[in-house]
**Q** 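Have a look at this one.
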Amino acid sequence: MNILGIDLAGSEKRPTGIAYFEDNRILTKVVYNDEEILKIAKNFSKIFIDAPLSLPKGRGSLEVNNGIHFRECDIKLRELKIKFFPLTLGPMRKLTKRAIKLKTILEEQNKKVFEVFPGGFYDIMKLSRKNKEEIIKFYKNLGFELEDKEFIQDELDAIACLLTGLMHKKGESLILEGIDGSIILPRIENNLKLKSY
C-alpha cells in the first residue's frame, strides 16, 4: 500500500517515527532530519503526519499572538473530548513550522498530505496513549505482522498514523473538516473495522 505514516518531531535532534507496509508487514524506522524523511517519502503517494499542517484562520504567523489559537478542526477535536496541545503552545510552534514546510515540499512533488493524531486514534480505540505493551498487543490482535524489536513510542505513534491512513483509504475515517484545515481520525462507530483489512 502506497501510504506512509510519520510521527514528526518538532526538532531534528529528536526522533521522528516512520511506518509503512511491506509484503503485508508493518515496518518502522527512526529518522531525524528532513532529508531522511523526504528520501523515504519519495516512495509513497499519500503521507499521514502527526503534526498540525495549517494555521488557524486569521492567524498570520506563529510569532505574533493575536489571540487566535484554534482551528475549526481543533474545536471539533475538543468537542469529541480528545485532549491535544494547541499548535500555538511553546514547542508545538516548532513542530507546526516544520510540518508545514514538509507539507509544502511534499505537495510540490504531487503527494497528498494529511494531518492525523495518534492520541485521538488511541482514545477512540480505548487504549492508553503511552502503554507500549497494550498498543503492540492491539496491533498484533488486528492481524498485522510487526518486526521483532524494541519499539520506541514514536514508532508506535507512526503505526497509528499509518493505520489511520489505511482506514481513510478504505473510507472508514472520520474527517474533522474546517475552513482552515482538517484532522483525520478512525471513524468512532467502526473502531474495530481494522480487523477486516
Side-chain angles (χ1 to χ4, degrees), residues 3 5-11 14 16-17 19 46-104 106-107 112-132 134-135 138-139 153-194:
I3 56 179
I6 301 177
D7 179 53
L8 188 66
S11 164
R14 294 181 56 242
T16 284
K46 294 181 180 177
I47 320 292
F48 294 83
I49 301 179
D50 171 27
L53 297 177
S54 59
L55 297 182
K57 182 184 178 185
R59 179 107 185 190
S61 78
L62 289 165
E63 287 73 27
V64 180
N65 184 356
N66 63 356
I68 300 173
H69 301 285
F70 298 100
R71 302 167 296 172
E72 287 184 12
C73 55
D74 296 324
I75 294 168
K76 291 179 180 180
L77 194 63
R78 190 167 57 190
E79 288 170 353
L80 292 174
K81 302 192 184 328
I82 294 175
K83 294 180 180 179
F84 64 97
F85 292 116
L87 60 85
T88 55
L89 181 72
M92 290 295 293
R93 295 184 186 185
K94 286 178 68 176
L95 174 62
T96 302
K97 276 186 182 178
R98 186 182 188 191
I100 291 174
K101 174 187 168 187
L102 283 170
K103 178 190 176 188
T104 300
L106 290 166
E107 287 184 338
K112 293 186 178 179
V113 185
F114 305 88
E115 179 177 337
V116 295
F117 183 37
F121 177 95
Y122 298 139
D123 289 357
I124 289 168
M125 299 299 178
K126 299 184 173 16
L127 300 168
S128 174
R129 292 188 181 189
K130 298 299 180 183
N131 188 328
K132 292 202 291 184
E134 183 182 5
I135 293 167
F138 174 79
Y139 292 155
Q153 187 68 44
D154 307 275
E155 291 173 291
L156 298 180
D157 290 353
I159 294 174
C161 296
L162 180 69
L163 295 183
T164 302
L166 177 61
M167 294 187 82
H168 184 64
K169 183 176 180 181
K170 299 287 187 179
E172 297 294 344
S173 62
L174 171 67
I175 306 173
L176 306 182
E177 288 189 276
I179 196 168
D180 46 6
S182 63
I183 300 170
I184 298 173
L185 297 170
R187 192 180 296 165
I188 294 171
E189 63 271 23
N190 290 326
N191 64 4
L192 297 179
K193 280 290 187 80
L194 277 168

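Both backbone and side-chain heavy atoms feed into the values below; hydrogens, waters and symmetry mates do not.
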**Q** Identify the heavy atoms of Leu95 and Pro52 that sit nearest to each other, and give their distance.
**A**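 Taking every non-hydrogen atom into account, CD2-CD, 4.1 Å.
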
**Q** What do the steps show when you test Thr88 against Thr96 for side-chain contact (heavy atoms from CB on, under 4.5 Å), and what is the final call?
**A** CA-CA 8 Å; Thr88 55; Thr96 302; over 6 Å; no

**Q** Would you compute the distance between atom CZ of Phe85 and atom CZ of Arg93 and round it to the nearest 0.5 angstrom?
**A** 14.5 Å

**Q** Parallel, tilted or perpendicular: which one describes the rings of Phe48 and Phe114, with boundaries at 30° and 60°?
**A**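 Taking Phe114 first and then Phe48, their aromatic rings lie parallel (interplane angle under 30°).
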
**Q** Measuring from Lys76:NZ to Glu79:CD, what's the distance to the nearest 0.5 Å?
**A** 8.0 Å

**Q** Could you tell me if Tyr122 and Asp157 have a donor-acceptor pair between their side chains, going purely by distance under 3.5 Å?
**A**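 Note: Asp157 and Tyr122 side chains meet the donor-acceptor criterion.
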
**Q** Might you point out which heavy atoms bring Glu72 and Glu177 nearest each other, and give the distance in Å?
**A** OE1-O, 4.4 Å

**Q** Distance from Asp180 atom CG to Leu53 atom CG, nearest 0.5 Å?
**A** 12.5 Å

**Q** Show the numbers, then the answer: is there a side-chain contact (heavy atoms from CB on, under 4.5 Å) between Leu156 and Tyr139?
**A** CA-CA 9 Å; Leu156 298 180; Tyr139 292 155; 4.2 Å; yes

**Q** Can you name the closest pair of heavy atoms from Glu115 and Ser182 and give their distance?
**A** CB-O, 3.5 Å

**Q** Which pair of heavy atoms, one from Ala160 and one from Thr164, lies closest together, and at what distance?
**A**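 Taking Ala160 first and Thr164 second, the nearest heavy atoms are O-OG1, 2.8 Å.
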
**Q** Can you measure from CG (Leu77) to CD1 (Ile183) and round to the nearest 0.5 angstrom?
**A**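 The CG atom of Leu77 sits 5.0 Å away from the CD1 atom of Ile183.
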
**Q** Is NZ or CZ of Arg78 both nearer than 6.0 Å to the six-membered ring centre of Phe84 and within 45° of the ring axis?
**A**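 Ring-cation test returns no.
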
**Q** Check the pair Leu8 / Leu102 against side-chain contact (heavy atoms from CB on, under 4.5 Å), numbers first and verdict last.
**A** CA-CA 10 Å; Leu8 188 66; Leu102 283 170; 3.8 Å; yes

**Q** Does the pair Glu155/Lys132 count as a salt bridge with the N-to-O cut at 4.0 Å?
**A** no

**Q** Which atom names give the shortest non-hydrogen contact between Ile3 and Gly165, and what distance separates them?
**A**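 Heavy-atom minimum between the residues: CD1-C, 3.9 Å.
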
**Q** Look at atom CD1 of Ile179 and say whether more than 12 heavy atoms of other residues, nucleotides or ligands are closer to it than 6.0 Å.
**A**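 Not buried by this count: 12 neighbours or fewer within 6.0 Å.
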
**Q** Among Ile184, Leu185, Leu163, which residue meets the side chain to side chain contact (heavy atoms under 4.5 Å, CB included) test with His168?
**A** Ile184

**Q** Rounded to the nearest 0.5 Å, what separation is found between the CG atom of Leu166 and the OG atom of Ser173?
**A** 10.5 Å

**Q** Hey, what do you get for CZ (Phe117) to CG (Leu176), rounding to the nearest 0.5 Å?
**A**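 With rounding to 0.5 Å, CZ (Phe117) is 11.0 Å from CG (Leu176).
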
**Q** Please give me the minimum heavy-atom distance between Pro86 and His69, naming the atom from each residue.
**A** CB-O, 4.4 Å

